[in-house]
Amino acid sequence: MVSKRLWRIGAAVAAVVVVVGAGAAMVRAHELKTRLLVTDPNDVPAHPELVAYAASLARPAYRKDCASCHGAKMQGDHAKGAPSLNDKVWLYGSGDVAGIEQTILYGIRSGNAKAHNITDMPAFGRTMQLSDAEIADVETYVLSLTRHEADQGAVERGSRIFQTKGSCYDCHSSDAKGNPDYGAPDFTDAEWLYGGDPATVHESIYDGRHGLCPAWIGKLKPAVIRALAVYLHQASFAPPPARSQAHG
């Protein structure tokens, strides 16, 4: 009888410990969520405990809602025009937490009044703004910015069209380095949104591009949206892994 009574007492104490522990964990989680939301988004990366908490919220949300377009490893998808999220190249803004959060909240051409929607890529071929020959020259010029191109005549003609008739400079800038205010990509860094092969570049110029990102405001909780912004920022600006050094 005594041993049974002691066992019951021990079990009751263990249950109380579990309940108390669970309650403390809930209080801690609530505290971290509040801090995550009230801290200036660009200051969150300076607080390791908030970064860790954000990652715990963001990982399942990314797998559920983002990976289908941007890939399980954030590598992006050229077929969808979904950019890589694990490098320092950002279409809009500089990649700070506040800017990423803005994009997640309101999207790109999502129909939300606050979405990134200043411009998109015109269809120069279908609208007959440029001839097939002119499109071929612009394609050659754009590709020459990141690789050797033997046809210098086509490069020069394409450059002139880029700077004049095509008005490409208006979004992509005269040096072809893009404009993060418009979401116009840089053509000089070899990071391609839809792919950098000649056929794909030709298709972009001929048919235009109208990439979309949904607005997640009202679909995800504010803390999850903030957590995703922190998570993506950390992935983008994480230092490269240290290389092992051979010892002789």
Side-chain angles (χ1 to χ4, degrees), residues 66 68-71 74-85 87-95 99-100 102-147 149 154-216 232 236:
C66 310
S68 60
C69 286
H70 293 283
M74 304 186 191
Q75 73 273 18
D77 186 336
H78 287 163
K80 298 176 179 177
S84 168
L85 300 174
D87 57 32
K88 295 179 175 62
V89 178
W90 290 89
L91 280 178
Y92 292 92
S94 61
I100 298 171
Q102 179 84 2
T103 299
I104 299 171
L105 279 167
Y106 305 117
I108 299 170
R109 303 181 190 92
S110 65
N112 187 288
K114 294 184 179 181
H116 294 300
N117 193 28
I118 295 176
T119 187
D120 55 9
M121 177 67 185
F124 286 102
R126 283 194 292 104
T127 59
M128 294 184 289
Q129 295 178 67
L130 296 178
S131 68
D132 288 344
E134 288 171 328
I135 290 173
D137 286 340
V138 174
E139 170 200 324
T140 301
Y141 165 67
V142 168
L143 290 172
S144 77
L145 297 171
T146 53
R147 65 187 71 176
E149 176 53 57
V155 171
E156 291 173 8
R157 292 192 301 271
S159 176
R160 282 196 299 272
I161 296 167
F162 188 96
Q163 303 292 351
T164 55
K165 181 179 180 180
S167 297
C168 311
Y169 69 90
D170 197 31
C171 289
H172 295 283
S173 74
S174 60
D175 58 5
K177 289 187 177 296
N179 188 329
D181 294 332
Y182 296 159
D186 183 350
F187 293 140
T188 68
D189 61 6
E191 296 290 338
W192 292 92
L193 191 58
Y194 287 92
D197 60 283
T200 302
V201 175
H202 185 276
E203 182 182 353
S204 294
I205 301 170
Y206 188 92
D207 283 326
R209 297 292 185 183
H210 314 281
L212 300 173
C213 178
W216 292 100
L232 298 182
S236 176

Are the side chains of P122 and T127 in contact, using a 4.5 Å heavy-atom criterion?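 Result no, sub-4.5 Å side-chain heavy-atom pair not found.
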
4.5 Å side-chain heavy-atom contact, P83 and V89: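 They are not in side-chain contact.
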
Give me the atom names and distance for the closest heavy-atom approach of [X] to [Y].
X    : Y    : result
G183 : P185 : O-CD, 3.4 Å
F162 : A176 : CZ-CB, 4.0 Å
S84  : Q75  : CB-O, 3.6 Å
T140 : A154 : CG2-CB, 3.8 Å
I135 : G125 : CD1-CA, 3.6 Å
S236 : W90  : OG-NE1, 3.0 Å

Begin with the C-alpha distance, continue with both residues' side-chain angles, and end with the deciding distance and a verdict on side-chain contact (heavy atoms from CB on, under 4.5 Å) for W192 and T146. CA-CA 11 Å; W192 292 92; T146 53; 4.3 Å; yes

Using side-chain contact (heavy atoms from CB on, under 4.5 Å), reason through D87 and E191 one step at a time and then give a plain yes or no. CA-CA 10 Å; D87 57 32; E191 296 290 338; 3.7 Å; yes

Could you label the plane-to-plane angle of the Y92 and H116 rings as parallel, tilted or perpendicular, counting under 30° as parallel and over 60° as perpendicular?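 Ring orientation of Y92 relative to H116: parallel.
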
At what distance, to the nearest 0.5 angstrom, does [atom1] of [X] lie from [atom2] of [Y]?
X    : Y    : atom1 : atom2 : answer
M121 : C168 : CE    : SG    : 6.5 Å
H70  : K80  : NE2   : NZ    : 9.5 Å
L130 : I205 : CG    : CD1   : 8.0 Å
S174 : Y169 : OG    : OH    : 9.5 Å
D170 : T119 : CG    : OG1   : 8.0 Å
S144 : F187 : OG    : CZ    : 11.5 Å

Just jot down the salt bridge (Lys or Arg N to Asp or Glu O under 4.0 Å) partners of R109, sequence neighbours excluded, or say none.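 With sequence neighbours excluded, R109 shows a salt bridge (Lys or Arg N to Asp or Glu O under 4.0 Å) to no residue whatsoever.
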
Let me have the donor-acceptor pairs involving side chains of residues 209-216, under 3.5 Å, with sequence neighbours excluded, atom names and distances please.
from: R209; atom 1: NE; to: S204; atom 2: OG; distance (Å): 2.8
from: R209; atom 1: NH2; to: S204; atom 2: OG; distance (Å): 3.2
from: H210; atom 1: ND1; to: D120; atom 2: OD2; distance (Å): 2.7

Check the pair M74, L232 against side-chain contact (heavy atoms from CB on, under 4.5 Å), reporting the backbone distance first and the verdict last. CA-CA 9 Å; M74 304 186 191; L232 298 182; 3.9 Å; yes

Donor-acceptor under 3.5 Å (S159 side chain, E156 main chain):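 Side chain of S159 to backbone of E156, a donor-acceptor pair under 3.5 Å: no, none is there.
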
